[in-house]
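Not measured: the values here are computed from a predicted model. All residue numbers refer to positions in the sequence shown, counting from 1.
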Amino acid sequence: MLVVLMAASSAPSPLYPLYQELWGFPPVVITVVFAAYVLALLTALLTVGSLSDHLGRRPVVLACLGLEIVSMLVFALAGSEAALVAARLVQGVATGTAMGALGAYLIELEPPARPGLGTVLNGAGPTLGLAAGAVASSLIVAAAPGAVHSIYVVLLVLLVLQVVATALGPETVARRPGVLASLRPRVQFPPAVRRSALWVLPAAAATWSLGGLVLSLGPSVVRSMTGADSVVLTGLLVAALTGTGGLTTLLLGSVRASRVLVLGMSALVVGMAATVAGLLTGSVGLYFAATVVAGVGFGAGFLGVLRTLLPQAAPRERAGLLSAIYVVSYLANSIPAVAAGALAGRVGLVPTAVGYAGMVLLLALFVLAGQAVRARPSAGPDSAGS
């Protein structure tokens, strides 16, 4: 479900240039559609992100799947940019509500013989889903240019099947009081987690801000460098980042949290430096190679954040903590991307992308410096989850 929900969130990205051609709206509308999704998602994370800690995982997940089905229907029937905004708003609420519940559900359903598997899947699921949605969407449209809405029908069928499976599945949390209080907007970091969070959350900001760049401005960057309006190239760019990130997460699932985080930030530094070189030289090959390297940093960096923070939270705090981590991640994913979209029209696409890559690189260097400080003997043992 986590993979399918994230695939649904990335499926529209390769289609935005096609929608722009069909309906003739200005480029800023693309960033508005992107921002609508993130705004709704953040609102859900801040208000109902920990709802499943009180009502149970299964009823909350079922409600999210229902909302996601509604959004797919709106996408499939869309005839204007207003419909895209409406679909993204509904989808944002569904995804934001589901992420904390599904993340905690995965941890609680992990087999006793595989401790930590739920956390690994929490890291891999979103990135693999983002890659799958973008690639599938671009390939379907490339094979059948007139079938822009086909990807939504495929996702709709998968979501209906998952409603049935969830209704038949187990519940892992008993109902407990405090539902209304849990709806008060807040970012909830349990006291035991806060010190570590100060050092590692910039890694979540670095990885997800890079994702925002690729998902929002990536298609335009590829077109400007190649001169070709290829939906497939756009999908491959998203997959180069998120697909590589998902595979990296699966491969590094048993590596110590601090090492994963250092590896991720190091790969991000190299990837961003190569991205700047590719943009300045106009080399498409270097740009794609740099995105693959950055994808390693994307996957390893976010996994390092999850494996550092989640083991420090009590079971009743998991959904709220995951929602808080995603609040930080999606703020970093959206605000810089929207600002870059507005700035690109004034200073140019390439200078904007270069500056954006430099920002991500600096965040990664900050995390590496923090890890070096914490690794000193005076800093004490690593509480981050060996």
Original post:
Between CG of Leu261 and CZ of Phe302, what distance do you get to the nearest 0.5 Å?
Top reply: 12.0 Å
Original post:
Taking it one step at a time, do Leu67 and Thr97 satisfy side-chain contact (heavy atoms from CB on, under 4.5 Å)?
Top reply: CA-CA 10 Å; Leu67 285 174; Thr97 307; 5.5 Å; no
**OP:** Please examine the side chains of Met6 and Met99, heavy atoms only from C-beta on, and report whether any two atoms are closer than 4.5 Å.
**Re:** yes
Original post:
Is the CZ atom of Arg114 crowded by more than 12 outside heavy atoms at less than 6.0 Å?
Top reply: no
Subject >> In one Ile/Leu/Val/Met/Phe/Trp/Tyr side-chain cluster, 4.5 Å: Val276, Tyr287 >> reply: yes
Original post:
Which heavy atom of Ala8 sits nearest a heavy atom of Met72, and at what distance?
Top reply: CB-CE, 3.9 Å
Original post:
What pair of heavy atoms forms the shortest contact from Val61 to Ala101, and how long is it?
Top reply: CG2-CB, 4.2 Å
Subject >> Nearest heavy-atom neighbours spanning Ala87 and Ser71 >> reply: O-CB, 3.6 Å
**OP:** Would you name the heavy atoms of Cys64 and Ala98 that are closest together and state the gap between them?
**Re:** SG-N, 3.4 Å
**OP:** Decide whether Val74 and Leu18 are clustered together by the hydrophobic rule: side chain heavy atoms of Ile, Leu, Val, Met, Phe, Trp, Tyr closer than 4.5 Å, transitively.
**Re:** no
Original post:
Hey, what's the ring geometry for Trp208 with Tyr326, parallel, tilted or perpendicular (30° and 60° as the breaks)?
Top reply: perpendicular
Original post:
Hey, quick one: are Val292 and Phe288 part of the same hydrophobic cluster, counting side-chain heavy atoms closer than 4.5 Å, chains of contacts allowed?
Top reply: no
**OP:** Spell out, as yes or no, whether a donor-acceptor pair under 3.5 Å connects the side chain of Ser137 to the backbone of Ala134.
**Re:** no
**OP:** Check whether any side-chain N or O of Thr95 sits under 3.5 Å from a backbone N or O of Gly92 as a donor-acceptor pair, and report yes or no.
**Re:** no
Subject >> Value rounded to 0.5 Å, distance of CG in Leu130 from CG in Leu5 >> reply: 11.0 Å
**OP:** Flag the pair Val60 / Val48 as yes when at least one side-chain heavy-atom distance between them is below 4.5 Å, and no otherwise.
**Re:** no
What donor-acceptor contacts under 3.5 angstrom involve side-chain atoms of residues 150-166, with partners at least two apart or in another chain?
| unit_1 | atom_1 | unit_2 | atom_2 | d |
| --- | --- | --- | --- | --- |
| Ser150 | OG | Ala147 | O | 3.3 |
| Tyr152 | OH | Tyr19 | OH | 3.0 |
| Thr166 | OG1 | Gln162 | O | 2.7 |

Original post:
Can Val367 be reached from Val296 by stepping across I, L, V, M, F, W or Y side chains whose heavy atoms are under 4.5 Å apart?
Top reply: no
Subject >> pair Ser266-Val262: side-chain heavy atoms closer than 4.5 Å >> reply: yes
**OP:** Taking the side chain as every heavy atom from C-beta outward, state whether Ser138 and Leu236 have any atom pair closer than 4.5 Å.
**Re:** no
Original post:
Is there a side-chain contact (heavy atoms from CB on, under 4.5 Å) between Leu306 and Leu322 once you walk through the steps?
Top reply: CA-CA 8 Å; Leu306 295 179; Leu322 274 166; 4.0 Å; yes
Original post:
What distance separates Tyr330 OH from Leu45 CG, expressed to the nearest 0.5 Å?
Top reply: 8.0 Å
**OP:** Mind listing the closest non-hydrogen atom pair of Val269 and Leu361 along with its distance?
**Re:** O-CD1, 3.8 Å
Original post:
In chain order, what residues pass the salt bridge (charged side-chain N to carboxylate O under 4.0 Å, His left out) check against Arg57, with sequence neighbours excluded?
Top reply: Asp53, Glu108
**OP:** Could you grab the distance from atom CE of Met272 to atom CG of Leu213, nearest 0.5 Å is fine?
**Re:** 7.5 Å
Original post:
Do Met1 and Leu117 share a hydrophobic cluster, counting only Ile, Leu, Val, Met, Phe, Trp and Tyr and linking them when any side-chain heavy atoms are less than 4.5 Å apart?
Top reply: yes
**OP:** Quick one: pull up CG in Leu15 and NE2 in His149 and give me the separation to the nearest 0.5 Å.
**Re:** 9.0 Å
**OP:** Go through the steps for Tyr16 and Phe25 under the test ring-ring contact (aromatic ring centres under 6.0 Å, His included), then give the verdict.
**Re:** CA-CA 10 Å; Tyr16 289 151; Phe25 54 77; 8.2 Å; no
**OP:** Working to the nearest 0.5 Å, report the span between CG of Leu121 and OG1 of Thr249.
**Re:** 10.0 Å
Original post:
Parallel under 30°, tilted from 30 to 60°, perpendicular over 60°: which one fits the rings of Phe366 and Trp199?
Top reply: parallel
Original post:
Is Glu110 reaching over with its side chain to a backbone N or O of Leu106, donor-acceptor style, under 3.5 angstrom?
Top reply: no
Original post:
So do Val173 and Ser52 actually touch side chain to side chain, heavy atoms under 4.5 Å?
Top reply: no
Subject >> Steps toward side-chain contact (heavy atoms from CB on, under 4.5 Å) verdict (Val221, Leu349) >> reply: CA-CA 7 Å; Val221 171; Leu349 189 60; 4.0 Å; yes
Original post:
Got Met265 and Leu363 here, is their nearest side-chain heavy-atom distance under 4.5 Å?
Top reply: no
Original post:
Would Ile335 and Val38 count as a side-chain contact (heavy atoms from CB on, under 4.5 Å) if you check the C-alpha gap in whole Å, the side-chain angles of each, and the deciding distance to 0.1 Å?
Top reply: CA-CA 9 Å; Ile335 294 176; Val38 176; over 6 Å; no
**OP:** Indicate the atoms forming the closest heavy-atom contact of Ala167 with Leu62, along with that distance.
**Re:** N-CD2, 4.0 Å
**OP:** Only counting residues at least two apart or in another chain, list the ones meeting side-chain hydrogen bond (donor to acceptor under 3.5 Å, both in side chains) with Gln91.
**Re:** Glu68, Arg88
**OP:** For residues Leu321 and Phe189, determine if any side-chain heavy atom of one lies less than 4.5 Å from a side-chain heavy atom of the other.
**Re:** yes
**OP:** Taking the side chain as every heavy atom from C-beta outward, state whether Val29 and Gln20 have any atom pair closer than 4.5 Å.
**Re:** no
